[in-house]
Structure formats: structure tokens, C-alpha cells
Protein chains: 4
Amino acid sequence: MSTAPALGRPRDTSLDAAILRATVDLLGEVGYAELTMTAVAARAGTTKPALYRRWPSKAHLVHEAVFPPQEQPLWPDGADLAASVRLMLTGAVALFSEPTVRAALPGLLSEFATHPSLHSALLERFQSDVWDRMRSRLAEEGVGVDADVLVDLVAGAAFMAVTLRSAPVDDTWVDRTVDLLLKGIQP
Amino acid sequence: MSTAPALGRPRDTSLDAAILRATVDLLGEVGYAELTMTAVAARAGTTKPALYRRWPSKAHLVHEAVFPPQEQPLWPDGADLAASVRLMLTGAVALFSEPTVRAALPGLLSEFATHPSLHSALLERFQSDVWDRMRSRLAEEGVGVDADVLVDLVAGAAFMAVTLRSAPVDDTWVDRTVDLLLKGIQP
Amino acid sequence: MSTAPALGRPRDTSLDAAILRATVDLLGEVGYAELTMTAVAARAGTTKPALYRRWPSKAHLVHEAVFPPQEQPLWPDGADLAASVRLMLTGAVALFSEPTVRAALPGLLSEFATHPSLHSALLERFQSDVWDRMRSRLAEEGVGVDADVLVDLVAGAAFMAVTLRSAPVDDTWVDRTVDLLLKGIQP
Amino acid sequence: MSTAPALGRPRDTSLDAAILRATVDLLGEVGYAELTMTAVAARAGTTKPALYRRWPSKAHLVHEAVFPPQEQPLWPDGADLAASVRLMLTGAVALFSEPTVRAALPGLLSEFATHPSLHSALLERFQSDVWDRMRSRLAEEGVGVDADVLVDLVAGAAFMAVTLRSAPVDDTWVDRTVDLLLKGIQP
DNA sequence: TGATAAGCGAGACGGTACGTCCGGTCTTGAG
DNA sequence: CTCAAGACCGGACGTACCGTCTCGCTTATCA
């Protein structure tokens, strides 16, 4: 079960990198809605067909540019559950605050209806890194809390504060949110 | 403090209604990204300039169509804080689950960077209905919890479950989430 | 047979002048096709309804601005027929060479199909000044040449040279054309 | 001296024909001023960009539609100079009387100021067919008359009679005009 | 002299058409 | 057999302008 035997002319891998970089740059400059395939192609020094050969739509291209497949965990595990929750919350805040993610994420969400494959791809991208890790962490500590519920609360709060309220997320907010969650988790 | 003295030809109010209705209908049919001003104008039986005279962009039009200024509270208050938290959570789930909101909200979020006025308009739309009510509710009950923190958690969890995870939000999820939050709130 | 008894507020005659002047100025600056009622109104310091109250279309406005009703003959009569023909030819060349006429005349011609009243108005404007004078001149001299034929030749040659060929109309061209015509007229 | 090596997707030649045909049809129906690129595109079953890819303006499109590059002489040569002059005059009358030409020509003239390239294109279109032929005809017969002068008179007279005066051009007018010209040409 | 009625300047409206950008596809020639 | 590149077709954009409508004010005639 290997990939195809590389039939025909091999793809120019330097183009992939140039296109992804151009996408990230332009996302930061003009945002998701104003990002055009034409502009990406021009910035990357190539043409639109080269883009469409690699990704079926702007949404897929942005997805790969902003959430490249797994490098390392988005945030480290903590020594205990309390530390893990805090690290996940601050990690989510940091992630959603990155200019590129801020520009891209709502745009990607809005295209889920049109591109279901994109939806599952994004979920899979974070499955092991977020839900699976949280699930095993809770099991280790013997805490009877549903991982989905906790992840929804942690990630959702970060998303709301950063993206919707656009409030400055300071230590006070983090402390209070973590306190509430930890008290709610306790048996 | 009265409105302007109505200079020039007055606007055809039947057009406003037709345009908003066409916008809602098309949002449900094609989604936010595929929604075009041209199609809205055609469906409403008018033309693009009539749209741009009323709203400066697609985002503003969708905002008013999906979140018309205040009619009645999005969800009722509960008898006590526990009931209120549950009602807010189920209310947020119901709101985010409405096909029109589901189609529109991420699209609107993605345009905040381009249209800051839209950002503040959306926040103001929900300020009194959500944050202010929650703040006074917490004060009444003498609970020392920050309203922002609680609203972020409740609304964020609903948003994550409905929009990102797209999971079927059943009673179990609601019960567990409410339980966690209430335990976290307790003094 | 008098005009109406001037009911209601009388028209502001200073506006007529300002509008006509603005029309002439703009014709010279942007040409007939690019001339807009909006721009004329703005330049004249008034509004479009004031224009449409006075003239039913751009074509009618331009007609009156460029060919105001009779002031004095467009060219003088000559001492004899030879001189008259030469004066008419040079007069026609001068008229068609005026920047405003150059800009307006073909535009007006192109609107004859749409505005028949304009067609007859333009013909009447020149009837007595051109055809009638030429007709009586020929009769005086006892020359058996049809005035229509001669006017078509003289004015047509001037129009062709100035407007279509856009050639520099020098004395040589005038001499040769007049010579040919006079020889052709001789009995 | 060959054309470019046909880079990119070749143009759909059936569109060229459909657009030119739609232009001619609409010219006859609504005239030059009322002719719109939108209507031409719709009638031709295509879109505006397809038009602008081929012609830079309505004027250029109409020019090619009404005066397609050279098919055959607009009128035949006559056996002698007298016949040639008469044939040119009747030919010019017939040309200017064609509904399409009548609708288009003044409109084109009015755009010369804005589109100088159109001016030269129109002159070149008729150079060999009108001026060159007349010049050589006069040389053959040894007649010392300037071709420009004669063409201005013949074509100008036809234009005046048909387009400006809009008179029914009968045999009498033709006979008298030709008589005058031939007498004027004689040595 | 005061009421009536029409024309006025002003400004915004509903809608047509504009000229352009972009999405997505096709064709050619190179590798 | 695939690639890179360039031009194509057509959907949609956001705007300028057209011709009209509504308003409040001004002006002249008539009661």
C-alpha cells in the first residue's frame, strides 16, 4: 500500500512551499474573504492551475497553510490535571490569537457547509492532539468528566473571548476561568 | 433629538422587507460564501444599487437579516440561577443550530477584520440581551463569578458543539455541561 | 396667439445661461459621448431636474448650447456668386472646425433616429441662414442650379474635409474646390 | 511575418460571429446611442468580458461590425470618368442609406475625439477602396483634379443629402449633382 | 391684502449599464 | 502521462449615471 509510482513529470515541490507561504502572507495582509487564488498565484510566482492541481478550493489551501499536518503538540501536557487545563486554555488562546488563525478560522468554518471534506479534515487534524489527549488525561486521573464537554468549554471560552468579544485576554480572565472549571470538575 | 427631516424621495420600505427576506432565504439555500448581492437583488425583485444604498456590504446586510434589532429576549430567564444557566445553554444551542444562523455566523466573524463597525454592531446587538442580563442575574444571587467568564463558557461550549464539532447536542451533553458549570459556580 | 400668462414662479433666467455655458465648456473638455447631465448640473451649480425642466434630453440641451437660435448670419454674402460660394465654403469649414461644433455635431446626428424633433429643429435652424439665402442668391444671378445640390456639395465637402478626413484645410484645397464648383455652375 | 504561436486557450470563433451579428441587429433596432454592450452580450449569448477581450470599446465593435475589413469594392469602376463619378455618387448614397450605416456612422464620428485609433482605422478601411482608386482613375484620364477635392465633394454631397437633410435622393438630384461635377472637372 | 396654486432648488430614490476582477477550465508545449 | 503556463469564458462586483419623485420655499395671480 504505497503511493502511486510517480508517473509522469514530477511535481515541483518548491512550488508547494512558495504557494503555502504566499497564502499565509496574504491571509495576514488582506484576510480570508479578500484572499484570491489569483493573488496567491501571483505572489507565489506561478499560475492558478498549479494551485488547483494541488488543492480543490481556497478553503482547502488555507486549511493546509494555516494548520499544516502535525508538527508537534500545540501545547504541552501539565504535571497534573489542573496544570493541563490551564495549559490547554492558554494554548487555545494563543492559537486563536495568531493573526493567521484569526483570519482563517471563521472563514474555514463558514465553508463547512459547502465542503464537508474540509470539516472532517479539520476535526481529524485536532483529534489526537486535543480530544484524545484530554480523554486519556482525564482517564489517568480517574475524573468522571466527559472529554467532549470539557474541551467544548475550554476551547469555546477561548474562542469566544478572542474571536467574538475580541477582549484583551489577561491573567485575571484565565485564573477565573480555570478556577471555575477545576471546581466544576472535582468529584 | 429627532430624526432627519426626510430630505429627498423617501425610501420604498417594501423593498427593505423584500431584500431581508430574500437574504434569509438564500442564506439557507446556498450558504454565506455563495450568497451574492446580485442573487439577493434578483430574488427581491430589485437591483444592486438598492442594496448598497441600504447596507455598505454583504456582511452588514446579512447581519441585519439574521440578527434584526431586538424583538424579544432570545431566551427567558429561569426561576433561579441554575435554571437560568440551563436556559442560556439550551438557548444558545438552539440559536446556533438555526440554519440561517449556522450559515451566517462564521461568515460574519470572518469579516470582522475588514468591517470593524460590523464587529461592534454584533456585540451591541447582544450586549443587553446576554451579558447585561447575566451580570444582573449573578448580582441578584450574590454569586461572585465574572459574567464575561460565564458567558464565554456557556456560549463558547454551545458554539463548539454545534458549529465546530457539529455533534448532535443531546440531553446528556447539556446535563453534564450544566452540572460542571453549576458546581464551578458554587461558592 | 400669445404665450401662457406666466403662472406660478417665473424661471430663473440666470440658470439658463449658466447651464448652457457649462454645457459648452464640458463639451470642449470631454466630448459629446462623455458629457453627462449630472456633470452639467454640477458645473452650472444647480440640479438635474432644473435641466430636464428646460430640455427633454441631452441632445436638445446640446443643440441649443451649440446652435443658439439665430444671432447673425454664420457668414456674410459676397459681392457676386463666386465670392458667395467661397465665403460659404470657408464659413462652413470654420463652423465645422470650432471645437464645440466638432464635438457636438456628429453626436447630434447620431440621435436623429431617437429624437426626430431634434432633426427638424436643426434643419430649421439653418434653413433661412443657408438654404434660403443660397436659393435667392442663385435666383438673383439667374443661375439655373438647384440650391440643394450646391449646398450639399459645399457643406458636404467642408464636412468631409474637416470631420471625416480631419485634414488641414489650407488655401489650396479651398481654391481647387471653389474653382471646380464655379466651373460646374457656369451655364 | 506570422501571427503569434497561439499561446493559451484559443478564442471561440463562433462567439466573434455571434457578437458581430448581434451588434448589427441591435444597431438596426435601437440605434447607436441606445446600443449597449450588455444587450449585445445577451443577444449573442455570451457576456461582456468576451466583448471587451475582443474590442476595447463599443465604437471599435460597431466599426468592425458595420465596416468589416474588405470584402469587395463598395462600388464598381465605370467605363469612363463620367461613369465612375456617377457610380461613386450612387454608391455613396446607397452606402449611407443602409440602415446599419445610417445608425452607426455619426456615432462613430462622434467618438473620434475619444478614440483616435478608431479614426485612423476608419480612414484606412476606405483608403484603397475610395481615395486610391479615384486617384488612379483621374491619373489615367489625365484630368488635373485633386482626388481629395473630388472625393470630398462626391461623398460629402451624398452624406449631406442622406444623413443631414434626410431627403429622398432621386434621379434628378443625382443627375444635377453629377452634371455639375463633370462640368467642373472638364479642362 | 391674504389665500391659492404652480414652479422652483434641492436631494435622494429605483434601476440600467458600465468596465473590471476573479473563479475555474482548456489548450499548448516542455519534460 | 503529468507538468507549468497563458488565455479563455462567464459570474459577480461596486459605481456612475439616468430620469423621476418628494419636499419645503418662493412667487404671482385672484378672491
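Lettering of chains follows the sequences in order, A, B, ..., and the numbering in each one begins at 1.
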Send over the distance from [X] [atom1] to [N] [atom2], rounded to a whole Å.
X	N	atom1	atom2	value
D:R54	F:dA7	CZ	P	15 Å
C:D12	F:dT27	CG	P	10 Å
C:E111	F:dC18	CD	P	12 Å
C:R9	E:dG7	CZ	P	12 Å
D:W55	E:dC18	CH2	P	15 Å
A:H60	E:dG23	NE2	C1'	16 Å

- prompt: Given that A:P56 and B:G8 both sit by DNA chain E, which one's nearest nucleotide is further toward the 5' end?
  reply: B:G8
query: Any side-chain heavy atom of A:V62 sitting closer than 4.5 Å to one from A:F67?
result: no
- line: On a heavy-atom basis, the closest approach of C:L27 and C:A103 is O-CB, 3.8 Å
- request: Provide the closest heavy-atom pair for A:P106 versus B:S110 in the form atom of the first, atom of the second, distance.
  value: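 Here A:P106 and B:S110 meet closest at CB-N, 3.5 Å.
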- prompt: Counting only non-hydrogen atoms, which of residues 17-37 of chain A are less than 4.0 Å from DNA chain F?
  reply: none
query: Are the side chain of D:S166 and the backbone of D:T163 linked by a donor-acceptor contact shorter than 3.5 Å?
result: no
- request: Report yes if a side-chain nitrogen or oxygen of A:R11 is closer than 4.0 Å to either non-bridging phosphate oxygen (OP1 or OP2) of F:dC3; otherwise report no.
  value: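 For A:R11, the contact criterion (side-chain N or O under 4.0 Å from OP1 or OP2 of F:dC3) is met.
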field: Side-chain N,O (D:T38) to OP1/OP2 (E:dC18) below 4.0 Å
entry: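 Checking E:dC18 against D:T38, a side-chain N or O does come within under 4.0 Å of OP1 or OP2.
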field: Interatomic distance, B:H63 atom NE2 to B:E111 atom CD [nearest 0.5 angstrom]
entry: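 One finds 12.5 Å between NE2 of B:H63 and CD of B:E111.
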query: If you look only at pairs with a residue in residues 37-47 of chain A, which of them pass as a salt bridge (charged side-chain N to carboxylate O under 4.0 Å, His left out), with sequence neighbours excluded?
result: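 Listed once each, the pairs are A:E29-A:R43.
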Interface residues of residues 39-53 of chain C with DNA chain E (non-hydrogen, below 4.0 angstrom): C:G45, C:T46, C:T47, C:P49, C:A50, C:R53
Pairs touching residues 32-61 of chain C that satisfy ring-ring contact (aromatic ring centres under 6.0 Å, His included), sequence neighbours left out: C:H60-C:H115
query: Among all residues two or more places apart in sequence or in another chain, which pass the side-chain contact (heavy atoms from CB on, under 4.5 Å) test with A:R54?
result: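 Testing A:R54 for side-chain contact (heavy atoms from CB on, under 4.5 Å), a comparison that skips the adjacent residues, returns A:R11, A:L15, A:D16, A:I19, A:A50.
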- request: Apply side-chain contact (heavy atoms from CB on, under 4.5 Å) to D:A65 and list each qualifying residue two or more places apart in sequence or on a separate chain.
  value: D:L20, D:T23, D:V24
